[in-house]
Each structure stands twice: as structure tokens, then as C-alpha cells.
Amino acid sequence: QMADPFLYNTGERSHYGCLGHEVQIEYLKAYVCRPSFSTDKAVIVAHDVFGWRFPDIRYIVDLMASHGYITICPDFFKGTEPWKSTDHWADFPDWMKNHDPMKVDKEADVVLKYLKEQCGAKKIGIVGFSWGGMAVHHLMLKNPQLAAGVSLYGRIVRDSEERYNLLNPTFFIFGEKDHTISLDQIFLLEDKLKQYCKVPYKIKVYPGQVHGFAQLKPEDMKPDDKPYIEEARRDMIDWIKMFV
């Protein structure tokens, strides 16, 4: 059996009492949390391989809502099984074939329509983690309705010019010790964005951090990592506040 490539222990997680609620939007289920005051700004959260019900991702939804955004995490897996920490990594490539982060356009449109028509959202951003970070990178190349994006440790794929022509401001967050994404790939991304990207972008690498670092709940953080996790979250929220 391969070693777990994410070094991301989902086993001993504290439970999290969510602040939001679940809704059905057309054929999608979603988790929504609203701020305490009314607003026309919204953020979509794209979950990682563990899916829309994973407590860590719901924590992030609630966090974004606490900063004044109607925040929604739809089930991008459309009711199919998310990856589980008990699954075998040898099966991961096959699982990924059926869960392609580049095939999220239809779901994004359904959610955007809901946010505009049902929630009165006028300006909408997106943040995504790991699998969701890849989805964000894709959507920021394709969907002009998304005013800004933050992609957190989405694996960097398919080197072609159209990967860099972002439509709106996008921020890429990486961990220095993420062994699914090499620093070489990150430097290449930076070079290419300099060449092709016509909108504001930013790339930042957080020292000593592994894949999945930024969505840990406070009680699950190691003291050494805590400052970097908090900084990454602050940076993510600041980017959204700047453009959404």
C-alpha cells in the first residue's frame, strides 16, 4: 500500500457543530452559512476529496460567513462517494477519473444562479482546497462571473498556455513541504503567470506546511503550524475582501 500522499490525518478529528444548514439546489445538495447581517456578497467553497460534509470544510464555510459573506459549499461530487481516509491510495487514480476537478462548470453555474436569484448576491468569489483548489484554478480560467478566486494547494496540471490566462484576480496558496506539489512546479506557475496573466495574481508558499494545512480547525492544529495556518487564512480572506 502506498503511503498516504496527503500526510493529512483525518482520523482523530474533533467534531464540529456547524453554524449553517443544508439546502437542495436543483440536483445538488449544499451547505450554506449566512452572516448575521444582510449582504449582496457571496463566496463559494470548493471542498477537497473528503467532500462537502467533511467538518473541516464546514468550519471554513462558517469562517467565511463570519467575515460577512453568504457562503456555500455545494456537493461537487453530486451525491457520489467522497474519498475516505480508509480507502487505498492505489485506487486513487481511478477514483479521480470519476471525480474530475476540471468538470465542475455545470455545478458552478447552478450555484451561481442560486446565489444571484435566491440570495441576492451581486458579487461572488470562490475559494477551494486541494481537489477544490484545482477546481478553482479551472473556474478562474472559464467563468467570468467569479470576481476573485483563492486556490489552496491545488495540484498543478496540464502545462499549456490557456492554464494561465486567468479572467479575474486569483491567489495561489501552497505549503513548502507539500509533496504532491514541488517547488519547481510553483516557480514554473509563477513564470507562466508573469508571461500570460493580465489580471492581479499572487503566489505564496508557507514555510514547513504540508498538503491540507490551511483547513484544520483550531483544536486540531499543532503549535508550530498554527501561525502559518492562521496567516494563510487571513491572506485568503484579505484577497477575497480586496476583490469581492
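- In this pair, His137 and Phe172 present their aromatic rings perpendicular. The plane angle is above 60°, beyond the 30 to 60° band.
- A donor-acceptor pair under 3.5 Å is absent between the side-chain atoms of Asp48 and the main chain of Gly212, judged by distance alone.
- Every side chain to side chain donor-acceptor pair (under 3.5 Å) that Lys241 has, sequence neighbours left out, goes to His67.
- With sequence neighbours left out, Glu230 forms a side-chain contact (heavy atoms from CB on, under 4.5 Å) with Lys226, Arg234.
- In this structure, Asp105 CG and Leu139 CG are separated by 5.5 Å, a value rounded to the nearest 0.5 Å.
- To the nearest 0.5 angstrom, Ile57 atom CD1 is 12.5 Å from Tyr59 atom OH.
- Note: Leu19 CG to His21 NE2 = 12.0 Å, rounded to the nearest 0.5 Å.
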* To do: In sequence, state the C-alpha distance, the side-chain angles, and the governing distance for Ile240 and Val127, and then conclude on side chain to side chain contact (heavy atoms under 4.5 Å, CB included).
  => CA-CA 9 Å; Ile240 291 294; Val127 302; 3.9 Å; yes
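- Take Asp109 and apply the side-chain contact (heavy atoms from CB on, under 4.5 Å) test, not counting sequence neighbours, and it matches Leu112, Asn143, Gln145.
- Nearest heavy atoms, Val61 versus Cys73: CG2-CB, 3.7 Å.
- Under the salt bridge (Lys or Arg N to Asp or Glu O under 4.0 Å) criterion, the residue pairs touching residues 202-214 are Lys204-Glu231, Lys204-Asp235, with sequence neighbours excluded.
- Side chains of Ile124 and Lys116 form a contact here, defined as non-hydrogen atoms less than 4.5 Å apart.
- Judged purely by distance below 3.5 Å, without hydrogens or angles, the side chains of Gln209 and Asp225 pair a donor atom with an acceptor atom.
- The ring-ring contact (aromatic ring centres under 6.0 Å, His included) search around Trp52 returns none, not counting sequence neighbours.
- Residue Leu167 is not grouped with residue Val150 when hydrophobic side chains (ILVMFWY) are merged at heavy-atom distances under 4.5 angstrom, including chains of intermediate members.
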Under 3.5 Å, sequence neighbours excluded: what are the donor-acceptor pairs made by side chains of residues 36-44?
from, atom 1, to, atom 2, distance (Å)
Thr39, OG1, Lys41, N, 3.1
Lys41, NZ, Val244, O, 3.4

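- Not a single donor-acceptor pair under 3.5 Å links the side chain of His138 to the backbone N or O of Gly133.
- Counting all heavy atoms, side chain and backbone alike, Asp100 lies closest to Val104 at O-CG1, 4.3 Å.
- The OG1 atom of Thr180 lies 9.0 Å from the CD1 atom of Ile156; values are rounded to the nearest 0.5 Å.
- For Trp95 and Trp89, the gap between ring centers reaches or exceeds 6.0 Å.
- Closest heavy-atom contact between Pro74 and Ala30: CA-CB, 3.7 Å.
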* side chain to side chain contact (heavy atoms under 4.5 Å, CB included) between Ile25 and Ile72, worked out -> CA-CA 11 Å; Ile25 311 166; Ile72 185 167; 3.5 Å; yes
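- Across Gln215 and Arg233, no two heavy atoms sit closer than the pair C-NH2, 3.4 Å.
- The only member of Thr71, Asp62, Asp75 that meets side-chain hydrogen bond (donor to acceptor under 3.5 Å, both in side chains) when paired with Tyr31 is Asp62.
- Proximity of Asn98 to Thr80: side-chain heavy atoms (C-beta onward) are nowhere separated by under 4.5 Å.
- Annotation: side chain of Asp178 is not in contact with side chain of Val210 (no heavy-atom distance under 4.5 Å).
- Residue pairs meeting the salt bridge (Lys or Arg N to Asp or Glu O under 4.0 Å) criterion with at least one partner in residues 120-145, sequence neighbours excluded, do not occur; the list is empty.
- Considering only residues two or more places apart in sequence or on other chains, Tyr69 meets the ring-ring contact (aromatic ring centres under 6.0 Å, His included) condition with none of them.
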* Apply side chain to side chain contact (heavy atoms under 4.5 Å, CB included) to Val23 and Tyr114, showing your working. => CA-CA 11 Å; Val23 294; Tyr114 168 80; 4.2 Å; yes
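- A donor-acceptor contact shorter than 3.5 Å links the side chain of Asn168 to the backbone of Leu146.
- Glu176 meets the salt bridge (Lys or Arg N to Asp or Glu O under 4.0 Å) test with no other residue; sequence neighbours excluded.
- To the nearest 0.5 Å, the span separating SG on Cys33 from CD1 on Ile70 amounts to 11.0 Å.
- Across all their heavy atoms, Pro93 and Ala90 have their closest contact at CD-O, 3.5 Å.
- The distance between the ring centers of Tyr164 and Tyr201 does not fall below 6.0 angstrom.
- Within the structure, every pair that satisfies the ring-ring contact (aromatic ring centres under 6.0 Å, His included) test and touches residues 221-244, not counting sequence neighbours, is listed here: Phe171-Trp239, Trp239-Phe243.
- Of the candidates Phe174, Phe129, Tyr153, Tyr153 is the only one forming a ring pair (Phe, Tyr, Trp, His ring centres under 6.0 Å) with His211.
- Within the model, atoms CE of Met140 and SG of Cys197 stand 9.5 Å from one another, a figure rounded to the nearest 0.5 Å.
- At least one side-chain heavy atom of Lys217 sits less than 4.5 Å from a side-chain heavy atom of Pro55.
- Listed by chain and residue number, Phe76, Phe77, Trp131 satisfy the ring-ring contact (aromatic ring centres under 6.0 Å, His included) test with His47 (two or more places apart in sequence, or in another chain).
- Using a 4.5 Å heavy-atom cutoff, the side chains of Leu216 and Asp56 are in contact.
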* Asked: Could you go step by step and tell me if Gln185 and Arg155 meet the side chain to side chain contact (heavy atoms under 4.5 Å, CB included) rule?
  -> CA-CA 9 Å; Gln185 289 176 301; Arg155 280 207 327 251; over 6 Å; no
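- With sequence neighbours left out, the side-chain contact (heavy atoms from CB on, under 4.5 Å) criterion links Tyr27 to Lys78, Lys106, Glu107, Val110.
- A 6.0 Å sphere centred on NZ of Lys29 holds no more than 12 heavy atoms belonging to other residues, nucleotides or ligands.
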